[in-house]
Amino acid sequence: MQAIQYDETGGPEVLRLVDVPVPEPEGARVRVAVRAAGVNPADWKIRRGLMPGPQFPRRAGIEIAGVVDAAGPEAAWQVGDEVIGWAEGGGYAEFALAERLVAKPAELSFLDAVAIPVAANTAGGGLAELNLEPDETLLVNGASGAVGSMAAQLARAAGVRVIGTASAANQDVVQSFGATPTTYGEGVADRVRALAPNGVDAVFDCAGHGFLDAAIELRGGTDRIITIADVSAEEKGVRFYSRPGGPLDIVAEAARLLAAEAIRLPAPARTFPLAEAAAAQRESESGHGLGKIVLITAPR
C-alpha cells in the first residue's frame, strides 16, 4: 500500500510517499480502507518537532474516515462498516489500523465525516472543562475554525449564549452558527463588553494570536479560561487544554447532529490527493482559508 512517511523532523518537504506492507489487525483493532484522511495542526507540529511523535521512520496522520476492511478477533466492527476516528500508526495511507472509532452516519460523505473526530473531541472536552450552564455566556476565540465552530455550535445546542471572534471576512459564518460575531485583534475586549455588558462566564481560545490578555481582562482573572492554541498560557496562569483521548460519545453525537443538519461545517472540504500531503500540510500551516483540509485515497 502507499503511505506518507518521514525520517526526520523538518518542513513539509520531508514527507515522502512510500510503499509499505498492508498492516494486519490484531486484538480489538480493525484495518480501515481509508477514504479520507484529515489534516490537522497536530500533524505538522509533530513533523516540525514541536510535539512529540513516534520513532522514525514516522507515519503521518491521526484522523480517518473509511470502510472496515479486516477485523481482529476481539473487534467490535465488521468488514464493510463505515467508520470515523483515530488511526494508529499513520492515517495518511491507503489502509490504517484503528480501534478508537465511531460509526459514520450513512447520510454523511467521507469528506464531511472526517472533519468530526478531532474537532468534536477537543471542542466537547473543552466545553465540559468549562462546566457551562444554559443561559451562561461563552466567548469563543476563533469561532470560524474547525474546533471553534464545533465548540460554538455544541454550546448553542446546550442553551449557552455564544460570542465568537473571527476575521472580518468570516462574520457571517460565525453568525450562521447561532453565535454573536465580532472581530478579533486590537480592541476586542471593548467590542465583547459592548455585546455582553454583564460579562462573559467562560472563554475558549481556539486561535491564539495574543488573545489571552483580553480574555483575562474580560474575566477579571484566569478562572474558566482555556486555550488550545497559545503556548504562553502557563506563564499567564491559564490552562492549556489538550485531549488526546477521552470518551467517544461526543464524537458520535456530533456526527449525528451533522447528519441531521443540526450543526454544520464552516465550509466545504479542501482536498488533496495522498501524494500531495506536503502541499496539504503547507496549507494547514499557513492558517488561511476555511474548510477541512483532507487527503483523498482512491478506493481499491
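Bear in mind that the values here come from a model prediction, so they are computed numbers and not experimental data.
- Annotation: the span from Arg193 atom CZ to Thr182 atom OG1 amounts to 12.0 Å, rounded to 0.5 Å.
- By the 4.5 Å heavy-atom criterion applied to side chains, Thr165 and Val140 are not counted as neighbours.
- One N or O on the side chain of Arg191 and one on the backbone of Glu186 form a donor-acceptor pair closer than 3.5 Å.
- Annotation: the span from Glu283 atom CD to Trp44 atom CH2 amounts to 13.0 Å, rounded to 0.5 Å.
- Between Leu154 and Leu257 there is a side-chain heavy-atom pair separated by less than 4.5 Å.
- The backbone N or O of Met1 lies less than 3.5 Å from no partner atom in the side chain of Glu94, so there is not a single donor-acceptor pair.
- With hydrogens and angles disregarded, no donor-acceptor distance shorter than 3.5 Å links the side chain of Arg156 to the backbone of Ala152.
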CA sep, side-chain torsions, deciding dist, call: Val173, Leu290, side-chain contact (heavy atoms from CB on, under 4.5 Å): CA-CA 10 Å; Val173 174; Leu290 290 177; 3.9 Å; yes

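- Residues passing the side chain to side chain donor-acceptor pair (under 3.5 Å) test with Thr227, sequence neighbours excluded: Asp205.
- Without hydrogens or angle criteria, Arg264 side chain to Phe177 main chain gives no donor-acceptor distance under 3.5 Å.
- The main-chain N or O of Ser232 is found under 3.5 Å from a side-chain atom of Asp230 such that the two form a donor-acceptor pair.
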Taking only distance into account, with no hydrogens and no angle test, what donor-acceptor pairs under 3.5 Å do side-chain atoms of residues 18-28 form with protein atoms, sequence neighbours excluded?
unit_1 : atom_1 : unit_2 : atom_2 : d
Glu24  : OE1    : Arg31  : NH1    : 3.4
Glu24  : OE2    : Arg31  : NH1    : 3.2

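- Within the 4.5 Å cutoff, no side-chain heavy atoms of Val200 are placed close to those of Leu138.
- The shortest heavy-atom contact between Ala275 and Leu17 is CB-CD2, 3.9 Å.
- In the hydrophobic cluster analysis, where Ile, Leu, Val, Met, Phe, Trp and Tyr join through side-chain heavy atoms closer than 4.5 angstrom, Leu111 is grouped apart from Ile293.
- Between Ala98 and Ile64, the shortest heavy-atom distance links the atoms CB-CD1, 4.2 Å.
- When the shell of 6.0 Å around CG of Asp135 is examined, it contains 12 or fewer heavy atoms from other residues, nucleotides or ligands.
- In this structure, Val30 and Val32 have side chains that are in contact, with non-hydrogen atoms separated by less than 4.5 Å.
- Note: Tyr6 and Phe56 have perpendicular aromatic rings, judged against thresholds of 30 and 60 degrees for the angle between ring planes.
- Taking a cutoff of 4.0 Å between a charged side-chain nitrogen and a carboxylate oxygen, Arg256 and Glu253 qualify as a salt bridge.
- Screening Asn141, Leu139, Val192, Thr137 for a side chain to side chain contact (heavy atoms under 4.5 Å, CB included) involving Val203 leaves a single residue, Leu139.
- Annotation: Glu13, atom CD; neighbour count of heavy atoms from other residues, nucleotides and ligands within 6.0 Å is above 12.
- In the hydrophobic clustering of ILVMFWY residues, with side-chain heavy atoms under 4.5 Å counting as a link, Ile226 and Met150 come out together.
- Shortest non-hydrogen contact noted between Ala189 and Leu218 is O-CD2, 3.5 Å.
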Donor-acceptor pairs under 3.5 angstrom involving side-chain atoms of residues 79-91: please list them, not counting sequence neighbours.
unit_1 : atom_1 : unit_2 : atom_2 : d
Asp81  : OD2    : Gln78  : N      : 2.8
Glu82  : OE1    : Lys104 : NZ     : 3.0
Glu88  : OE1    : Arg29  : NE     : 2.4
Glu88  : OE1    : Arg29  : NH2    : 3.3

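- Salt bridge status for Asp112 with Lys292: absent, with no side-chain N to carboxylate O gap under 4.0 Å.
- Between Glu63 and Arg100 no salt bridge is recorded (no basic side-chain N to carboxylate O distance below 4.0 Å).
- For the atom pair Ile62 CD1 and Ile46 CD1, the distance stands at 6.5 Å (nearest 0.5 Å).
- When hydrophobic clusters are built by joining Ile, Leu, Val, Met, Phe, Trp and Tyr residues whose side-chain heavy atoms come closer than 4.5 Å, directly or via intermediates, Leu15 is not grouped with Ile296.
- Listed for the Ser284 side chain is no donor-acceptor partner under 3.5 Å among the backbone atoms of Val39.
- Shortest non-hydrogen contact noted between Ala202 and Leu132 is CB-CD2, 3.8 Å.
- No continuous path of hydrophobic side-chain contacts links Ile228 to Ile163 [ILVMFWY only; heavy atoms under 4.5 Å].
- Formation of a donor-acceptor pair under 3.5 Å by the Gln171 side chain with backbone atoms of Ala166 is found in this model.
- Under a 4.0 Å N-O distance rule, the pair Arg219/Asp201 does not qualify as a salt bridge.
- At distances below 3.5 Å, not a single donor-acceptor pair connects side-chain atoms of Arg59 with backbone N or O atoms of Gln5.
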Can you check salt bridge (Lys or Arg N to Asp or Glu O under 4.0 Å) on Glu8 and Arg47, steps first, answer last? CA-CA 8 Å; Glu8 60 182 336; Arg47 187 206 73 223; over 6 Å; no

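- For the atom pair CH2 of Trp77 and CD of Glu99, the computed distance is 11.5 Å after rounding to the nearest 0.5 Å.
- Val188 and Ala214 make their closest contact through CG1-CB, 3.7 Å (heavy atoms, listed as atom of the first residue, atom of the second, distance).
- A donor-acceptor pair shorter than 3.5 Å cannot be found between the side chains of Gln281 and Asp43.
- Using a 4.0 Å cut-off between charged side-chain N and carboxylate O, Arg48 and Glu285 make a salt bridge.
- Atom-to-atom distance recorded for Tyr184:OH and Ser144:OG is 6.0 Å, nearest 0.5 angstrom.
- Side-chain atoms of Gln153 come within 3.5 Å of backbone N or O of Ser149 as a donor-acceptor pair.
- Between Val238 and Thr222, the shortest heavy-atom distance links the atoms CG2-CG2, 4.0 Å.
- Proximity of Val294 to Phe110: side-chain heavy atoms (C-beta onward) are nowhere separated by under 4.5 Å.
- One hydrophobic cluster, built from ILVMFWY side chains closer than 4.5 Å, holds both Leu127 and Val118.
- We find that Arg239 and Glu129 are joined by a salt bridge, their nearest charged nitrogen and carboxylate oxygen being less than 4.0 Å apart.
- Under a 3.5 Å cut-off, the side chain of Thr122 and the backbone N or O of Ala119 do not form any donor-acceptor pair.
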